[in-house]
There are 2 protein chains.
Amino acid sequence: MALNLEKSYKALWRLFMTTHSILVNAIEQDLAQAGLPPLAWYDVLAALSESPEHKLRMHELASTMLLDRSNLTRLVDRMEVAGLVCRKSCVSDRRGAFAALTEAGQVMQQKMQSVYEQAVVTYFARHLNDAEVQALTKALERIQVEAQI
Amino acid sequence: MALNLEKSYKALWRLFMTTHSILVNAIEQDLAQAGLPPLAWYDVLAALSESPEHKLRMHELASTMLLDRSNLTRLVDRMEVAGLVCRKSCVSDRRGAFAALTEAGQVMQQKMQSVYEQAVVTYFARHLNDAEVQALTKALERIQVEAQI
DNA sequence: GATAATTAGTTGAATCTGCAACTACTTCTT
DNA sequence: AAGAAGTAGTTGCAGATTCAACTAATTATC
């Protein structure tokens, strides 16, 4: 019996990894097909648009996105070139910098949101009933809390 | 009510993405700390060691790993330099190539397996009971099947 | 059986990522 | 208040990833 249990969680782990990969690929494809930037850009735009004054310190953005700081620096570089965000200096801490949403960034955020949310429903949410959503949420929350200790 | 449901699956989607990222990071760290190569290398080694004659065609390996072919070419390049796999020509299709496990590759597979499986238990499996494993498996299988249509 | 269309694998160029080192500033310690 | 320690952000560099283009072999079509 222990053997079967072992097998089943290993299979689940594989499923978890492959499902993630498949879903991310599908969403990226939908975005690309709509002529929109990649998922990571949406995460930045969404995080900023949910923030007070539509701006966040670089390190806050990096940690909410679970991204390396250096990675974020260059991501913001690219998005700044594209005119979707801009850097603003921080008065209270002169080391710091904000990334702030531009107007073009807000427009892009909304464009991307509609494609993204549609994709999440199509590939993910549509296949889960209420009970499953609850059960999955509980399980993943528990895992995440423990993993971060 | 529709609003709450909407919120809950969106939260679940975020949780899914962040949990994936946290777990992969944690596992990569454990591997690195043990002086072992990254996760992708383990996937190759494991796939080969589960295959008849410990070898697979490049395109088979790429598709089981959900990896771009060009990406796999270079991954195998690196692993070949490290002596863990070697390429073998294919008799029945002269375009084709096999990636095959070397003896050093088998040894490495076992070393990595023990660290990897320990990490999966610690960060993932330990926090799920039997019912949850079953429920999650069912849900993810359904999602994956639908996504691939 | 000749030619077109596919498929297998690799390569070049451009982009993206992660680690470590670096500068500049802030906070802690005494 | 001076110096140590820590934090914010960027940069250099090496490795990883993707896209498109390419070669070579196979399969389909007529």
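This structure is a prediction, so every number in the text was calculated from the model and none was measured. Here is the naming used below: chain letters follow the sequence lines, and residue numbers restart at 1 for every chain.
Under the 4.5 Å side-chain heavy-atom criterion for grouping Ile, Leu, Val, Met, Phe, Trp and Tyr, B:Val120 is not connected to B:Ile22 through any hydrophobic cluster.
Each of A:Asp68 and A:Val91 was matched to the nucleotide of DNA chain C holding its nearest heavy atom; the match closer to the 5' end belongs to A:Asp68. Both A:Asn71 and B:Ser92 lie near DNA chain D, and the one whose nearest nucleotide falls closer to the 5' end is A:Asn71. Mapping B:Arg95 and B:Pro38 onto DNA chain D via the closest heavy atom, the residue that lands nearer the 5' end is B:Pro38.
For an aromatic pair to be called close, the ring centres must be under 6.0 Å apart, and A:Phe16 with B:Phe16 satisfies this.
Candidate nucleotides D:dC13, C:dG12, D:dA8 were compared by shortest atom distance to the side chain of A:Asp93, and D:dA8 ranks first. Closest approach to the A:Arg69 side chain among D:dT10, D:dA25, C:dT10 is made by D:dT10 (side chain taken as heavy atoms from C-beta onward). Nearest nucleotide to the side chain of B:Arg94, out of D:dA25, C:dG9, C:dA13: D:dA25. Comparing atom distances between the A:Arg78 side chain and each of C:dC16, C:dA8, D:dT17 picks out C:dC16 as nearest. The side chain of A:Arg87 has D:dT10 as its nearest neighbour among D:dA8, D:dT10, C:dG12.
Residue-level contact check: A:Asp77 touches neither bases nor backbone, having no heavy atom under 4.0 Å from any strand. Using a 4.0 Å heavy-atom distance criterion, B:Arg57 is classed as a sugar-phosphate-only contact.
B:Leu75 has its CG atom 14 Å from the P atom of C:dG9, to the nearest Å. At whole-Å resolution of the value, CE in A:Met58 and P in D:dT7 are 18 Å apart. Rounded to whole angstrom, the span from the CD atom of A:Glu60 across to the C1' atom of D:dT7 amounts to 13 Å. As rounded to whole Å, 15 Å separates atom P of D:dT17 from atom CD of A:Glu28. Computed from coordinates, the B:Leu39 CG to D:dA16 C1' distance equals 14 Å when rounded to whole Å. If you measure from atom CG of A:Leu72 to atom C1' of D:dA8, you get 12 Å, rounded to the nearest angstrom. Atom-to-atom, CZ of B:Arg74 to C1' of D:dA20 comes out at 12 Å; the value is rounded to the nearest Å. For the pair B:Leu31 CG and C:dG18 C1', the interatomic distance rounds to 16 Å; values are reported in whole Å.
Distance alone, capped at 3.5 Å, is enough to place a donor-acceptor pair between the A:Glu60 side chain and the A:Arg57 backbone. A donor-acceptor pair is defined here as one N or O able to donate and one able to accept, closer than 3.5 Å; no such pair exists between the side chain of A:Glu28 and the backbone of A:Pro38.
Salt bridge status for A:Glu132 with A:Lys138: absent, with no side-chain N to carboxylate O gap under 4.0 Å.
Taking only side-chain nitrogens and oxygens, A:His59 never comes nearer than 4.0 Å to OP1 or OP2 of D:dT7.
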